[in-house]
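In what follows, a structure is listed as structure tokens, so that the remarks can point back to it.
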Amino acid sequence: MRIRIPPIGKARLPGDGTCVAGSWKGHRLGRVRVKQLHSWPGSVAEAEAIQERLRLHVELTGPDVFTTVAGLDVHYHGDDALSAAVVVLDAGTLDVVERVVVHGRAAFPYVPGLFAFRELPALVEALERLTVTPDLLVCDGYGLAHPRGFGLACHLGVLTGLPSLGVGKTPFVGTHDAPAPARGSWSPIVLDGTPVGRALRTRAGTKPVYVSQGHRITLDTVTEQVLRLSPRFRLPEPVRQADHLARHGT
DNA sequence: GCGACAG
DNA sequence: ATCTTGTCGC
């Protein structure tokens, strides 16, 4: 299987990115710096090799208090067209601090385990357009709970150096028991005898979400943050906001 | 060996 | 992910 792909930072972005709103709450200004840690893979084997190499950069401990949190999500329109959104919230009040949407194209075919390569260029572009630097990235998908221990959340965390976590909506790798019915209960996702994430009940009477570490964060902190960011709905507020922005442009 | 497999 | 109706429940 041969694949031609645009390199990171050079993905086609027809329609150009759109900065929907700027920061207005006096947060410190800063720009997310994205490291160029690898060239763009031209095949499945190359993509897997990149994951095997970058996984060694993942750090599984880090801060447990965050001032601002960013939710990231991508919406697909037809074949390869997509819109990537990042919404930064005040971690305490959940007020919106900044929002960015960019329109582009999927940068890789969908291959389970290589999902990150589809969305990476557009998400990186959106992060680079932020005028604030979020303290935590809340990603739509998996982190450590991945066939090679390096899902989208790990990838974005390592490229930006920011703490990150992954929230999946459906099971992927490993096995788990159903968590107890009460909000806040969880059960471990086990892969090769190792706990790599948790099935977490963010709301009673609904399916759990599947959380895992991305970068510079512990699993306990991941669990705590996802619960705190999901006071009302199944999905954390930053991801819901990003989903809405990517979907409806507003 | 075969199928299933984040979005 | 996306294509799709109605329906039950808060």
Side-chain angles (χ1 to χ4, degrees), chain A residues 1 3 5 11 41 44 47-48 50-51 54-55 58 71-87 101-124 126 137-158 164-176 181-183 188-192 196-215 219 222 226 230-236 238-249:
Chain A
M1 182 178 210
I3 304 154
I5 316 273
V44 163
E48 290 174 347
I50 288 167
Q51 292 182 330
L54 291 195
R55 76 195 282 188
V58 170
L72 295 81
D73 193 29
V74 171
H75 179 249
Y76 293 85
H77 334 260
D79 294 320
D80 277 343
L82 57 77
S83 301
V86 179
V87 178
V101 199
V102 303
H103 305 286
R105 231 149 233 299
F108 208 82
Y110 175 68
V111 180
L114 301 179
F115 166 66
F117 292 97
R118 279 177 85 62
E119 310 191 335
L120 222 36
L123 287 173
V124 162
L137 304 181
V138 180
C139 307
D140 184 32
Y142 282 83
L144 246 207
H146 171 278
R148 283 166 295 282
F150 198 75
L152 174 67
C154 299
H155 209 135
L156 281 167
V158 167
S164 65
L165 64 84
V167 182
K169 295 184 282 292
T170 62
F172 185 28
V173 294
T175 59
H176 64 87
R183 168 181 146 84
I189 297 171
V190 178
L191 182 62
D192 298 325
V196 291
R198 291 172 182 168
L200 173 65
R201 191 86 64 190
T202 51
R203 184 177 179 165
T206 330
K207 295 183 298 180
V209 294
Y210 305 88
V211 302
S212 53
Q213 288 152 283
H215 183 52
L219 187 49
V222 166
V226 170
S230 317
R232 188 158 155 61
F233 300 105
R234 180 187 176 226
L235 293 178
V239 171
R240 293 186 68 246
Q241 297 263 349
D243 178 272
H244 190 278
L245 180 55
R247 238 184 176 74
H248 304 108

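Worth knowing before you read on, the calculation uses all heavy atoms, side chains too, and leaves out hydrogens, waters and symmetry mates. Proteins get letters first, then strands, A, B, ... in listed order; numbering begins at 1 in each.
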Please list, in 5' to 3' order, the outermost nucleotides of DNA chain C lying under 4.0 Å from any heavy atom of chain A.
->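 First and last nucleotides in contact are dA1(C) to dT2(C).
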Checking all strands, does [X] fall into the base, sugar-phosphate, or nothing category for heavy-atom contacts under 4.0 angstrom?
{"X": "His146(A)", "result": "base"}
{"X": "Gly168(A)", "result": "sugar-phosphate"}
{"X": "Gly113(A)", "result": "base"}
{"X": "Leu152(A)", "result": "base"}
{"X": "Arg247(A)", "result": "sugar-phosphate"}
{"X": "Leu72(A)", "result": "nothing"}
{"X": "Pro147(A)", "result": "nothing"}

What orientation do [X] and [Y] show, parallel under 30°, tilted 30 to 60°, or perpendicular over 60°?
{"X": "Phe115(A)", "Y": "Tyr110(A)", "value": "perpendicular"}
{"X": "His146(A)", "Y": "Phe172(A)", "value": "perpendicular"}
{"X": "His248(A)", "Y": "His244(A)", "value": "tilted"}

Note: Lys169(A)-Asp140(A) ion pair, threshold 4.0 Å (strictly below) =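 Salt bridge flag = yes for Asp140(A) with Lys169(A).
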For residues [X] and [Y], determine if any side-chain heavy atom of one lies less than 4.5 Å from a side-chain heavy atom of the other.
{"X": "Phe150(A)", "Y": "Val158(A)", "result": "yes"}
{"X": "Gln213(A)", "Y": "Val58(A)", "result": "no"}
{"X": "Arg203(A)", "Y": "Ser230(A)", "result": "no"}

With sequence neighbours left out, write down each residue that passes side chain to side chain contact (heavy atoms under 4.5 Å, CB included) with Ala116(A), or none if nothing qualifies.
->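 Side chain to side chain contact (heavy atoms under 4.5 Å, CB included) list for Ala116(A), sorted by chain: Leu152(A), His155(A).
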Would you say the side-chain atoms of Ser164(A) pair up with the backbone N or O of Ala153(A), donor to acceptor, closer than 3.5 Å?
->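 Checked: pair present.
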Nearest-0.5 Å distance, CG of residue Leu54(A) to CZ of residue Arg148(A) =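 Here the interatomic distance stands at 12.0 Å.
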Intra- and interstrand pairs of DNA chain C - dot-bracket, Watson-Crick/G-U under 3.5 Å, | marks other strand = ..........
Could you give me the stems involving DNA chain B, meaning stretches of three or more consecutive Watson-Crick or G-U wobble pairs whose two defining distances are both below 3.5 Å?
->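 When the pairs of DNA chain B are grouped into runs of at least three, no such run exists.
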Earliest and latest nucleotide of DNA chain B, 5' to 3', sitting under 4.0 Å from a non-hydrogen atom of chain A?
->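 Terminal contacting nucleotides, 5' to 3': dC5(B) to dG7(B).
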State which residues pass side-chain hydrogen bond (donor to acceptor under 3.5 Å, both in side chains) with Asp73(A); sequence neighbours excluded, sorted by chain then number.
->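 Per chain and number, Asp73(A) pairs via side-chain hydrogen bond (donor to acceptor under 3.5 Å, both in side chains) with no residue.
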How far apart are the C-alpha atoms of Ser83(A) and His77(A), what are their side-chain angles, what is the distance that settles it, and do they pass the side chain to side chain contact (heavy atoms under 4.5 Å, CB included) test?
-> CA-CA 8 Å; Ser83(A) 301; His77(A) 334 260; 2.7 Å; yes
Sole candidate of Leu235(A), Leu165(A), Val211(A), Val222(A) that passes side chain to side chain contact (heavy atoms under 4.5 Å, CB included) when paired with Val138(A) |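 Result: among Leu235(A), Leu165(A), Val211(A), Val222(A), Leu165(A) is the only option passing the side chain to side chain contact (heavy atoms under 4.5 Å, CB included) with Val138(A).
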